Amino acid sequence: MDRIYLYVPPEEYAGVEAYGASWDEDAKCWYVPEHLSPAVFSRWVEDEGSEFGISSDEAFVVSAKGECVQCRREIEVVCIYCESGVDVERDEPLMRFTVSAIWAIDEVLAAALARWPLFRRELREDIDEGCFANHCAHCGAVQEDYRLHSEPGDVFFNVAEAEPGSIALVPLTGRVRLSGDYAFGV
Ligand SMILES: [Zn+2]
């Protein structure tokens, strides 16, 4: 496993040590020890003004039932939903949005998404790294995000006002950072 290094200003060394971070003498850098979750250190996992476009302290994985676009069998599909967050580049607060076409996630979110191995990068020959997308558990077909997010009636179009019981929300601990397109439903 790759070590997760932390970005800690010197005045916060005592704080990060109190949370249980380990010190790498060679790299002169704090890192997350294996027995602790990166979520504990979320405020130090990425530098301010990082490469991530969206930051959220109230993020969820939304799970729903869908139909595979290819084999038509019932599958689980997931997306990321945030009760609140920030557009990092514009420094604008965001409310109640889903994120589609995700192309970058931080370590905290990567660890959380390990529970949903079928939600992973789409491998494409024309680009080095595709966006995250759901994959069918039966036939492996990619379920493109635009089919799940774009239109009224699409399963993730309006998560904030979804029918009770039609979706399951799994809260994520700590701050997550990711890059993708956010949408608010209507
Ligand atoms: Zn399928």
Side-chain angles (χ1 to χ4, degrees), residues 1-2 4 37-39 42 45-46 50-85 87-88 94-186:
M1 268 227 348
D2 285 344
I4 300 170
S37 161
S42 56
V45 165
E46 265 298 328
S50 68
E51 73 261 45
F52 298 107
I54 299 164
S55 169
S56 174
D57 294 327
E58 281 186 292
F60 300 80
V61 173
V62 185
S63 166
K65 296 268 181 269
E67 183 187 72
C68 173
V69 296
Q70 182 166 288
C71 73
R72 299 287 165 200
R73 279 186 274 191
E74 186 180 90
I75 55 172
E76 180 189 25
V77 287
V78 301
C79 81
I80 304 299
Y81 170 72
C82 306
E83 270 291 308
S84 66
D87 180 321
V88 175
L94 305 170
M95 295 294 290
R96 296 183 150 201
F97 57 98
T98 58
V99 188
S100 63
I102 295 169
W103 52 270
I105 60 174
D106 71 358
E107 303 278 358
V108 178
L109 189 50
L113 285 175
R115 252 181 84 181
W116 292 272
L118 293 167
F119 186 65
R120 59 169 187 260
R121 283 188 193 281
E122 180 187 350
L123 298 175
R124 284 172 49 178
E125 289 176 1
D126 54 333
I127 43 177
D128 286 341
E129 288 200 316
C131 292
F132 279 76
N134 289 278
H135 291 69
C136 176
H138 309 289
C139 73
V142 174
Q143 319 290 311
E144 307 256 7
D145 263 356
Y146 74 84
R147 296 173 186 267
L148 304 171
H149 289 258
S150 307
E151 305 275 338
D154 288 351
V155 63
F156 297 135
F157 182 70
N158 194 347
V159 167
E161 288 171 25
E163 299 268 325
S166 69
I167 59 168
L169 290 165
V170 181
L172 301 175
T173 309
R175 175 168 298 171
V176 301
R177 294 184 174 95
L178 68 165
S179 295
D181 300 330
Y182 53 82
F184 304 98
V186 170

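One-based numbering, in listed order, for ligands and for the atoms of each. Along the sequence shown, residues carry numbers from 1. Atom set for the values below is all heavy atoms of this structure, side chains included, hydrogens, waters and symmetry mates excluded. None of these values were measured; they are calculated from a predicted model.
Of all heavy-atom pairs between Cys136 and Gln143, the closest is CB-NE2, 3.6 Å. Val62 approaches Tyr81 most closely through the heavy-atom pair CG2-CB, 3.3 Å.
Taking the centre of each ring, Phe132 and Phe119 come in below the 6.0 Å mark.
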Using distance only, find each side-chain donor-acceptor pair of residues 65-74 under 3.5 Å and give its atom names and separation, not counting sequence neighbours.
| from | atom 1 | to | atom 2 | distance (Å) |
| --- | --- | --- | --- | --- |
| Glu67 | OE1 | Arg72 | NH1 | 2.9 |

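A donor-acceptor pair under 3.5 Å is absent between the side-chain atoms of Asp154 and the main chain of Phe157, judged by distance alone.
Phe97 places none of its side-chain heavy atoms less than 4.5 Å from the side chain of Glu83.
For the Zn ion (ligand 1), the neighbouring protein N/O/S atoms at less than 2.8 Å, given as residue and atom, are Cys68 SG, Cys71 SG, Cys136 SG, Cys139 SG.
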